[in-house]
Amino acid sequence: MTASAHRGAILHCLDDPAAGAEAVEYIADGLLVIEEGEVAAVGSYEEVAPGVPGSLPVTHHENRLIVPGFIDCHVHAPQLGMIAAPGKQLLDWLETYTYPAEMAWADHAHAAHAAGDFLDALLRHGTTTALVFATSHSHSVDVLFEAALARNMRLVAGKVLMDRNAPEALLEPPARAYAESKALIERWHGRGRLGYAVTPRFAPACSTDMLDVAARLLDAYPDVLLQTHLAENAEEAALVARLFPEARDYLDVYERAGLLGGRSVFAHGVHLDDDARGRLKAADAAIAFCPTSNLFLGSGLFDYGAARDAGLRIGLGTDIGAGTTLSLLATMGEAYKVAQLRHRTIDAFEAFYLATLGAARVLRLEGRIGNLMPGKEADFLVLDPAATPLLAARQKTSRSIAEGLFVLMMLGDERAIDAVYVAGARWSDPARTGRP
Ligand code: GUN
Ligand code: ZN
């Protein structure tokens with residue numbers, strides 16, 4: 001049996017911090033015991049250590065913070081190479097930069113290389129699980145899942161469905177989209193730590209027949225997810241109103257198609273009213289809040305307070321390449337600022353929840369990941385709260401765990417990720433170790 005133990009300060013959410021003070025557990029001198037890639041025990045060193053065999057290797061992470069691996073609820077694998085593309089808003093940005101980058105994935109070798117680089121970049125930033133858009137090429141999902149399998153990562157991804165309003169090379173007829181998606185689900189869903197998400201890109205790129213393909217796949221496979229974009233940008237929303245005149249609003253396009261349900265993860269939802277939020281809640285659908293993307297593309301300020309008050313499940317998404325960082329620590333900081341602009345305060349534990357257990361709930365994976373309770377898969381990070389000179393100086397005056405975490409999310413990024421463990425095994429960064 002492979003087992004190990006990690007000693008250090010431990011922080012994780014047992015529930016939504018809104019549920020009360022017990023929802024967040026901080027253990028100043030903790031011990032995390034891992035067996036066969038899963039958490040076997042967690043608690044104070046004093047309590048847990050006596051039950052651990054003397055032969056077990058214990059790594060002592062002094063002056064560090066052990067937290068669950070971060071979970072990115074919305075990210076595009078083929079777009080990492082065109083992050084920070086200047087000067088456009090959503091629809092022009094897609095035409096100018098995004099679709100060409102996705103067309104380059106037609107080349108299998110390029111896609112395979114990019115997929116591996118993408119997953120290593122996620123891990124380098126402390127993200128151990130993500131909900132990922134591939135491209136419309138079937139092999140884009142194969143290369144991502146092969147790369148995830150090689151790293152033993154828990155990953156959810158899907159082939160992008162599009163049959164209009166995009167370059168011909170990325171489009172396909174609905175019947176082919178159905179057959180290829182079905183084959184991918186059968187090949188990959190549930191294998192290792194992999195899961196499939198049916199992925200219609202967004203309403204403007206899908207005919208009603210293509211949306212119907214997505215609905216039929218969801219019907220046929222009751223535990224796959226659905227991921228798409230919703231009400232991101234005003235010009236996009238106006239286009240949707242023209243393309244679907246029968247729909248009462250953007251969400252209604254998906255609702256009519258049978259795509260609004262408890263397995264649906266909608267990216268953005270910037271331009272929604274209370275009625276739409278109520279329908280999302282009634283369906284138990286989830287939102288991926290992507291602050292850096294919304295700021296970068298000038299899409300608008302997500303009404304985080306209204307979404308929380310409506311009781312929606314919410315997670316954070318980096319939305320690379322429209323987002324400007326793969327770091328969920330930095331994304332927590334940007335979420336705070338976006339909420340501030342709408343007069344809502346996100347405290348540090350709440351932001352941390354959005355990137356860990358809350359995100360696991362968005363992905364319906366809270367039984368497997370999201371915190372470090374016994375039985376969960378042992379995806380965790382060792383953070384250095386004083387990773388930079390500025391952080392180190394500022395942490396000296398932090399008076400509480402919450403304040404220290406807040407400083408980390410406002411000033412921290414991938415530099416604060418000291419070590420990443422995937423299913424209990426330490427991930428070694430190929431950029432540092434020189435692995436091919
Ligand atoms: N809407 C449709 N496709 C995309 C995409 O690739 N990125 C973002 N941010 N929005 C989209
Ligand atoms: Zn997106």
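Atoms within each ligand, like the ligands themselves, are counted from 1 in listed order. Because only heavy atoms are used, hydrogens play no part in the values below, and waters and symmetry mates are left out as well, while side chains stay in.
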What's the shortest distance from atom 10 (N) of ligand 1 to any protein heavy atom, and which residue and atom give it? Glu232 OE1, 2.7 Å
Nearest protein heavy-atom contact for atom 9 (N) of ligand 1: which residue, which atom, what distance? Asp319 OD2, 2.7 Å
Run the side-chain hydrogen bond (donor to acceptor under 3.5 Å, both in side chains) check on His189 and Asp223 step by step: do they pass? CA-CA 9 Å; His189 183 68; Asp223 58 352; 3.2 Å; yes
For ligand 1, is any non-hydrogen atom under 4.0 Å from Trp93's backbone (N, CA, C, O), its side chain (CB onward), both, or neither?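 Looking at Trp93 and ligand 1, just side chain atoms fall under 4.0 Å.
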Does ligand 1 have a heavy atom under 4.0 Å from the side chain of Glu236, from its backbone, from both, or from neither?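 For Glu236, no heavy atom sits under 4.0 Å from ligand 1.
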In Tyr250, Phe133, Tyr254, the residue satisfying ring-ring contact (aromatic ring centres under 6.0 Å, His included) with His229 is Phe133
Just jot down the ligand 1 atoms closer than 4.0 angstrom to any heavy atom of [X], in number order.
X	answer
His268	9 (N)
Phe202	1 (N), 2 (C)
Ala322	9 (N)

For atom 6 (O) of ligand 1, the option (of His74, Met162, Arg201) bearing the nearest heavy atom: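 Nearest option to atom 6 (O) of ligand 1, by heavy atoms: Arg201.
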Would you say [Y] and [X] are linked by a side-chain donor-acceptor pair, where the criterion is simply a distance under 3.5 Å?
X	Y	answer
Glu350	Tyr304	yes
Asp319	His268	yes
Asp142	His108	no

The Zn ion (ligand 2): which protein N, O or S atoms are under 2.8 Å away? His74 NE2, His76 NE2, His229 NE2, Asp319 OD1
Are any of the side-chain heavy atoms of Phe349 and Leu405 separated by less than 4.5 Å?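 Phe349 vs Leu405: side chains touch.
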Verdict with supporting geometry, Gln79 and Glu102, side-chain hydrogen bond (donor to acceptor under 3.5 Å, both in side chains): CA-CA 7 Å; Gln79 297 178 18; Glu102 297 191 9; 3.0 Å; yes
Candidates Arg368, Arg193, Lys376 - the one meeting salt bridge (charged side-chain N to carboxylate O under 4.0 Å, His left out) with Glu38: Arg368
So, are Arg277 and Asp274 salt-bridged, with charged N and O less than 4.0 Å apart? yes
Before giving the answer on ring pair (Phe, Tyr, Trp, His ring centres under 6.0 Å), spell out for His6 and Phe380 the whole-Å C-alpha distance, their side-chain angles and the decisive distance to 0.1 Å. CA-CA 10 Å; His6 297 267; Phe380 62 96; 4.9 Å; yes
